[in-house]
Amino acid sequence: MIGDAVRDDRKSATLAGRHVAAPKGARSVGRFDLARDVLRSHDMCQAGVGADQRVIGDPRFTPVFFLDGEEHKLRRQAIARFFTPKAISTRYRVTMEQTSDRLVAGLRSRGRGQLDDIAFELTVGVAAEIVGLTNSDPAAMARRISAVLITTRTPDMPRWLRPAGSALAAAAAMRFFVQDVRPAIAARKRQRRTDVISHLLDEGYPNKAILIECMTYAVAGMVTTREFIVMAAWHMFDNPELHRRFVGSDEAGQLAILEEILRLEPVAAIIHRRSGADVDFESGHVAAGERLAVMIRDANVDEEVVGECPFALDPDRGTRSRVVGAYLSFGEGSHRCPGSQVALNESRVFLDRLMRVPGLKLVRRPDMTWNQGIMSYELRRAILTCERE
Ligand code: HEM
């Protein structure tokens with residue numbers, strides 16, 4: 001699939017080019033080696049939007065994203081068991097397959113559907129299984145979570161509208177708590193299960209801290225994976241050779257294609273850090289107190305590391321490289337995404353079914369907009385049609 005040196009297969013590059021910039025006062029880190037060293041370093045702390053959500057004194061009220069050092073290590077150790085390869089290949093795999101079958105059957109019976117909505121129902125269902133949000137209707141919960149996520153839109157709103165945006169988000173969070181989180185807590189108080197909410201109850205977390213954790217997984221796991229699934233499908237619709245190769249590949253081959261798409265179209269564009277010390281990496285120097293904007297989109301196309309034709313979609317690239325195929329799209333180091341294998345596997349299981357549907361067509365390409373709050377592209381109103389069953 002290697003084309004000429006200027007071939008650029010990225011769909012989100014122009015939009016990202018208009019919106020992605022290091023915040024004022026932060027240094028932009030786009031070289032892969034320095035980016036990776038920064039993310040791997042224990043001298044760096046979380047920074048950027050939301051890091052001020054960190055609650056001093058009681059780490060239970062701070063999402064795992066914004067913890068550092070020992071507190072962060074303990075939290076990651078505690079949640080690691082929900083993300084093991086065994087948990088993915090047994091428990092979650094069943095949810096991924098059953099939910100995908102149900103969603104694809106629904107599409108076939110209607111002959112039409114909106115891909116971003118279908119993908120969201122899948123990602124909500126899978127993350128809900130991990131978190132333990134399984135005591136309410138999944139489709140209704142997906143709508144309530146969508147409403148909560150208006151909170152990521154408030155930075156894009158005119159200043160005068162932001163209080164209204166925040167009020168709406170607070171009301172939506174309350175509905176999500178009452179209708180989804182509270183019944184899940186009640187059920188697990190009666191009988192624990194193997195999920196995040198049961199673990200939080202064992203640790204004595206109050207309701208508010210449990211709600212914060214559920215919202216963290218909503219943004220971290222449900223939203224990101226929805227955007228990625230729509231993006232991956234869009235690439236296949238526009239590239240029949242890639243489509244054919246995907247449906248004809250085994251699991252490893254399909255995952256390699258998805259990782260390569262994610263390298264080119266990372267859902268998170270920037271990761272923010274603040275340096276806690278003067279550090280001399282082999283790749284460069286970072287001064288104490290410096291704010292760093294790790295530019296994932298740049299690092300992932302650094303020719304030194306990803307090889308020739310960095311903007312071309314080349315599913316064989318991973319086999320020539322020693323770096324993980326998605327490069328820095330899932331971050332790196334202590335905060336590296338714990339859900340990366342969940343995301344890749346659920347996308348693979350779903351797309352493997354979807355892309356085989358007889359007569360499947362993308363009759364309306366998604367609208368692509370930019371969400372400044374989470375520094376990510378958003379793909380909406382992607383309409384599919386297929387032969388009706
Ligand atoms: C394509 C989908 C996904 C992408 C692109 C993605 C990307 C990322 C990135 C870049 C980070 C690192 C943030 C940082 O270093 O500051 C991260 C962290 C995280 N992700 Fe994901 N993620 C995805 C799916 C998921 C899923 C499915 C889950 C869970 C069900 C999840 C849960 C988390 C959590 C809890 C963290 C915080 C980890 C920490 O701070 O220690 N993610 N993700």
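In each ligand, atom 1 is the first atom listed, and ligand 1 is the first ligand listed.
- Compare Tyr92, Phe228, Tyr217, Phe65 by their heavy atoms: the one nearest to atom 18 (C) of ligand 1 is in Phe65.
- Counting heavy-atom neighbours within 6.0 Å of Gln77 CD, excluding the residue itself, gives a total above 12.
- Remark: Arg245 engages Asp316 in a salt bridge, criterion side-chain N to carboxylate O under 4.0 Å.
- In this structure, Arg102 pairs ionically with Glu121, as a charged nitrogen and a carboxylate oxygen lie closer than 4.0 Å.
- Heavy atoms of Arg273 approach ligand 1 to within less than 4.0 angstrom.
- Heavy-atom proximity to Ile271, at under 4.0 Å, picks out these atoms of ligand 1: 10 (C), 14 (C), 15 (O), 16 (O).
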Practice item. Go through the steps for Asn345 and Val126 under the test side chain to side chain contact (heavy atoms under 4.5 Å, CB included), then give the verdict. Key: CA-CA 11 Å; Asn345 279 285; Val126 173; over 6 Å; no
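- Shortest contact from atom 29 (C) of ligand 1 to any protein heavy atom: Phe83 CE2, 3.8 Å.
- No salt bridge links Glu129 with Arg93; every basic N to acidic carboxylate O contact stays at or beyond 4.0 Å.
- Close contacts of ligand 1 with Thr225, meaning ligand atoms under 4.0 Å from a residue heavy atom, involve 2 (C), 24 (C), 27 (C).
- The pair Glu304-Arg36 does not count as a salt bridge, with every side-chain nitrogen at least 4.0 angstrom from each carboxylate oxygen.
- Annotation for Leu133 and Met141: closest pair O-CE, 3.6 Å, computed over non-hydrogen atoms.
- With a heavy-atom cut-off of 4.0 Å, Arg76 touches ligand 1 through its side chain alone.
- By the 4.0 Å heavy-atom criterion, His72 is counted among the residues contacting ligand 1.
- In this structure, Asp116 does not pair ionically with Arg226, as no charged nitrogen and carboxylate oxygen lie closer than 4.0 Å.
- Annotation for Arg188 and Ser198: closest pair CG-OG, 3.4 Å, computed over non-hydrogen atoms.
- The backbone N or O of Leu379 lies less than 3.5 Å from a partner atom in the side chain of Glu227, making a donor-acceptor pair.
- For atom 7 (C) of ligand 1, the candidate residues are Ser329, Ser376, Ala127, Ala269; the nearest heavy-atom contact is made by Ser329.
- Taking the six-membered ring where tryptophan is involved, the planes of Tyr377 and Trp370 are tilted, since the angle between them lies from 30° to 60°.
- Residue Gln46 places a heavy atom less than 4.0 Å from ligand 1.
- Here the protein heavy atom with the shortest distance to atom 40 (O) of ligand 1 is His335 ND1, 2.6 Å.
- Within the protein, the N, O or S atoms lying under 2.8 Å from atom 21 (Fe) of ligand 1 are Cys337 SG.
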